[in-house]
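In what follows, a structure is listed as structure tokens, so that the remarks can point back to it.
Everything quoted here is computed from the prediction, not taken from an experiment. Lettering of chains follows the sequences in order, A, B, ..., and the numbering in each one begins at 1.
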Amino acid sequence: MHEILKIEGLSAGYGPLRVLHEIDFSVQEGERIGLVGLNGHGKSTLMRSVMSLVGWQNGSIRFKGQEIGGARSTGAGRRTHAIVQLGVALTPQGDAIFPGMTVAQHLDCGAHSKLAWRQRAQRRDAVMDIFPPLRKLESALVGTLSGGERRMVSVGRALMTEASLYLIDEPSLGLAPKISKAVLEALFALPKAGKAMVIAEQNVALLAGRVDRMVGMHAGRLRGDVGHVALS
Amino acid sequence: MSTVTLIHGLNLAAIYGLMAIGISILWSSVGMINMAHGATFAASGYAAWQVSLIAQPLIAAWLGTGLDASIAMGATMIASGLGAGAIFGGLIFLLAYLPIHEKANFAVRSLIVTLAINLATVQLLLYFFGPRQRALPKIFGLGRTEILGIPIRNDQLGTIVATALLMLVVVIWLKRSRKGLEITAMMQNPEGAVLSGISVRWTALPVTMLTGALAGLAAILLSQTVFVSPTAGALPLIKGLTIALLGGLGSIPGAIMGAILIGFLEAIVGSISFLGQRYVLFSQFLFIITVLIIRPRGLGGLLDQTRESRNA
Amino acid sequence: MMTQSRRTFLLSTVAAATLAFSQVAFAQDPILIGVPSAQSGPVGIADHQDWLNGVSLAIEEINGAGGVNGRMLDTKVVDIDILSPEGTIAAFQNLTESGVHAIASAFVLIPQPAMDTAAAAGVPYVHGNTQTASLDLFKSDPEKYRNIFQLDVAETWYGSGFIKFISDLKQSGKWTPKNNKVHIVQEQIAYTQVISKATQEAIAASGGEWEIGAITDIQFPVQDWSPIIAALKATDAGVIMIDHWVAAELAAFTQTYVGDPVEDALVYLQYGPSQPEFLDLAAGAGEGFVWGTVYGVYADEKGSAFRETYKAKYPGTMGVVYTGGGYDAVYVLAEAWKKAGDPSDFNAVGDAIRATSFRGVNGAYTFLPETQSGVSYPNMTDDPEAGQAHLFFQVQNGEHKIIAPAPFIEAEFQKAPWMN
Amino acid sequence: MPEMKKLYEIGNRPREIFLSPDGETPTRRSRVPFTRRHWLKWRSRYNPKSLKLEKRLEDKKPLWWMLSLGLLLLVTPFLGNSALTVASIFCMFAAINVLWTLIIGTAGIFSLATLAVVGVSGYAAAAFNVYLGVPWPFMFVIGCLTGLVAGGVLALPSTRLDGLYFALLTLGIVEICRVFVQQLKSLGATNGSINQVDSFIPSDWFLQREGLLLGFFGAFALLLGALLLFKLVNSERLGMLLQTARDEEAFAEAIGIDYRRARLMVFMISSAGLGIIGAFYAMYYRSISPSIFSLDQLLLLFAMIVIGGIGRADGAVLGTAIVVLIDKGLLDLGPVRILIVAAIMLLVTLLTNNGLVGAREQFRNYRNRKKSEARARRTEKGGEVMPEEATDMPDKQEIFYRRFNKRLRDELKLLITPELIEEHRRKPLGRHSDALSRVLNYFRRSEMPDKYAILRQPENFNHYKIVALSGERGAPPRLVDDRLYESIDEAYHAVFLLRVNDLLES
């Protein structure tokens, strides 16, 4: 198995606030990992620091052997687009999407690679197969959709290109249980070969038994996974 | 309304529209109020004038003085105006966007930087070209054309047609092309845009260049009726700004509508004998202020609302 | 190019200065003429540059001939913002502080601060304001403003002189108006308003020879003249007076007008076309238009000689008002200094200027005691050599030609292209 | 080898200003008129080392103000005429800018119509004087009232429009004023300016040395008045109200602060002040012209407050000093001076966060940020205190407490072996070996937040999950992971493992 993501000694934070404490973490090809932990314990920060979106960070992040981390203290977001183009797709928490675009336009935004842009019609179709409710909303403005539909659009955007690592941040946040289940089902149904997925979730029950590995996150450190297994 | 007034109004609307749309696009996508738009206008005028000095004898030697020559000259003028405006836009990107776009209070900061650029450009133009105004070659000729029995001055016709075409191209480009989609994405959510693999830094460059080019074109077109001077940009800037405001900053349809309204207002007030030209500016600003007090977001402004709600 | 001319000017003054220094080494400090010159403000830059060129030319000539009483002349130039009182005061104070012996200024728009600052220092101040306001101010306190002189006349003569001109032209038979209507297009600043008012009064006094066709208001900046053209066509007057002051906009007017003229009308553009850029900008469209100035460079022997030297030094189209004005101003001052002896004795110099009788390139300078301003021929005197001629020009074959008044005529009035 | 110890100088006591009163005589302090504030902020305390009473000047700014203004007042009368005029212009513009700062900074209304208010009031005062013969002392009253009215008119749209929209709108209003004045027929003969205005400077003295001196003292008094007004509004009730509303409007509203009203009040008060300046301006020059509404003039003034720093009175005054000196003092430079102003404006905006007066603070912030980032990278939770961090800690015991904990942990880490874990797994409760007892004792003493606990599953009697306590009343514990333990001993051991894991990681 290939190692897709390898994080070593990652510390990150915002200004004087340190959120992540020397995290070591790795993701293998074909893996589906649940990142669990309460609000405010660094799940989103971990994902965002992979995307180079936090205030400062320090430590090594290797994506398929290529260093995308390093020490950095300003210019959040400056390298993000390059990381996205390497093949990391992040669905941010909440509705960080484009409210004034139609669903179709919004999905097209995800198609950043040349190939994806050329095939955007087919790919949109494929996303709509995954999230059938979007099909009839194709020309509706995203700002007018319901929460669940927006989440589908947001996740769908991440699926538009051939990313090999999907980081999905809190897909169930603020959604009715039934709808969040549907969103997660769609995610679990995605093919696994050659790709990996990390889902951050507060609600452990939603992921139980559906992921290959569950990693706890607590106070800026990883828990669970390493602790139990290695020592017992 | 007489036909003269109609044409005059359309002509003014075209030029104001070019300025206002540039300001509007730049505000909504990059989040800066470009006070150097007037400087872009003046600098492009001078660049085109400089090009015309070189190109005129060359074209005359090559094509003579026929229709070919005047078309070639016109194309050269428009191209040089667009080009100079785009280059100046790039300069604004380098000075007023790149170094400060990550700092706090970018909107006010960039406003100040562009003001400084405006101040400096006017003085530099004055220093290098002197106070004398300069004439650009008449790219549409001096005659008039009859359309549907209405005699229209060639420069007015040319301005209206060229602007309408260009605006159509810009609007379609923004709507259909990939770059346009990227710009829209950046307008609505810069972080979402980076997560879609769009570099905010480098998407801002084409935007500043595009709006600069629009100002450059406006300079060429307006210089068909008035002349190029270092301070020529001040009035188009103020009018463009207030029209963009009237249309609701960031809304392209709003800006176009605002330009048409203001253009016709100017033409009509100017043609009413007891009001006359001297009340034109007065009535325009009064109108804009009234509209804004009634509708604080201007005529359009939906986009800006979504922007606000995201920031909140 | 301006930079070049500025450089050559600097070089030449330096050269002149060093030359002068070697000649009368250790003699005396130069006599300083202060020139407030608009360089960064939005208006007046072109005229002020003309004036400064004229001043420099005269100083070069005088220094070349050995200076005044053995002392060389020199200038001190400061940037002035002629639109605001504080800008005007700052510039004038800077000059009086630095010990200039006289101030020679083309014009300021707000005369009071300038005159008060100069009066406070008592320094002789000659200017070409062409404003009734300046003269009224002088009349309000002749003792205080005793050393302030307006080289030319008030702008009112532009109006009355023009009516006199068209009456004369009609009588000479070179032109027959199609009707007696005069259509006035007026701008809003004081200068144009006073002229318009004077014209209307002259028309009323003409006893029915002329009548007002219509009055159209415009306001700077005029971006498009087509509504004005429409109004002109609606009135269809025999005489059209464009009472506006910005050369570039007048050039734009000629271009619009030529495309759709009022047949047979005589079009008078007042003073604006005197600025050098007019002909360049009008690019041929200016042909046949008439304009005038109460203060312009003659085309007689003296005037032509000046024009040639000026063009040799400052190539390109030459302005014909303030170039000669600046040139004459220095000569008027030099004459006074010769007479008074000590340039630091401001009152003696003032007395000498008051007694001036000097014939320059812009006409003869004698100062009326009640206003300390010039005399206009033929408006105020019948003697061509007793004042400055109110010159009327017509653009003929791409050049300004003097067509009136009588002894200074260069060419006869010709029909404009739109006249049958 | 003796270890070289680097000594850090703590605090900046050498730069403080101290008085040592004898403690017997009562201290007298005068207050700023109309406020409950004192001129200088002296704070008494006993020096913990010498046990002597000392008075420390908490805020050194008033001292600087007095020094610089006093210098200006003393030196200027001995300067030449043009320098005197430049100083007067500086005072007038500084007064305008201080009030403008009140509008932009304190009230948070981004208005560009400041000069327009000055102009309108100046015109009104001048018109009353020239056309109605109102004597000059009343011009101040008229200017003030006009300013108040103009402020009220301008304030109306400010409640509906926000930020930049309002700024651009006021730009339009300035244009309206300019165009309106210029096309007034009655002022046509003077290019829209009103001349021969009566003044506090006798007309014989006008532009003479005496007049200039009088003018300067007047302008200086105006500046003092503006500064006093700034102080009164900014640091008294209104300013305090607005400070609460600056970041959290909704919060301020929720606790009953009518910040909109307060804003309008500040706006009106400043406008009235600007009106007085307008009347003064007309008197100082004995005329007023439409150029006061010109965009260039406005931009120059804006450049002043930008260069100094928006929102602070010292910024407004400093920026005015710089720009006025360049623009009016270096007239000989010609157009280059505008370029210099533009360049300064550009540099200041590109490099500083809030003008020149903010530069010092910005540098400190930058240094602190870099320091804390570096510290954050190095320190671990519960780790030893870094030397530079130690200076910021008021309770020095904390430093030793953390050092002790760190050493303790280092000791305990050595004790943890697979045998020890095995021992615990076999018998989670009961008598343990010495090493295990030590480790468990340490665990028991740990702090309540994030302490682990065992939760019996309500649906299944013999099933346990591990939770972490929140440490806060009312906040429920949370699940650590989804493991289910079949017996209580297994759960005990899992908690032990988690803690060992935490210990080893720390």
Side chains of residues 14-23 of chain B: which donor-acceptor partners sit under 3.5 Å, not counting sequence neighbours?
residue : atom : partner : partner atom : Å
Y16(B)  : OH   : K239(B) : NZ           : 2.7
Y16(B)  : OH   : E266(B) : OE1          : 2.7
Y16(B)  : OH   : Q223(C) : OE1          : 3.2

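- For N11(B), the part lying under 4.5 angstrom from a heavy atom of chain C is the side chain only.
- Proximity to chain C (any heavy atom under 4.5 Å) is restricted, for L12(B), to the side chain, taken from C-beta onward.
- Atom CD1 of I229(C) sits about 11.5 Å away from atom NE2 of H8(B), to the nearest 0.5 Å.
- Closest of all the heavy-atom pairs between F227(B) and A248(C) is CE1-O, 2.9 Å.
- Interface residue Q133(B): backbone and side-chain heavy atoms are both found under 4.5 Å from chain C.
- For A234(C), no part lies under 4.5 angstrom from a heavy atom of chain B.
- For the pair L281(C) and A135(B), the tightest heavy-atom approach, listed with the atom from each and the gap, is CD2-N, 3.2 Å.
- Qualifying side chain to side chain donor-acceptor pair (under 3.5 Å) partners for E277(C), counting only residues two or more places apart in sequence or in other chains: none.
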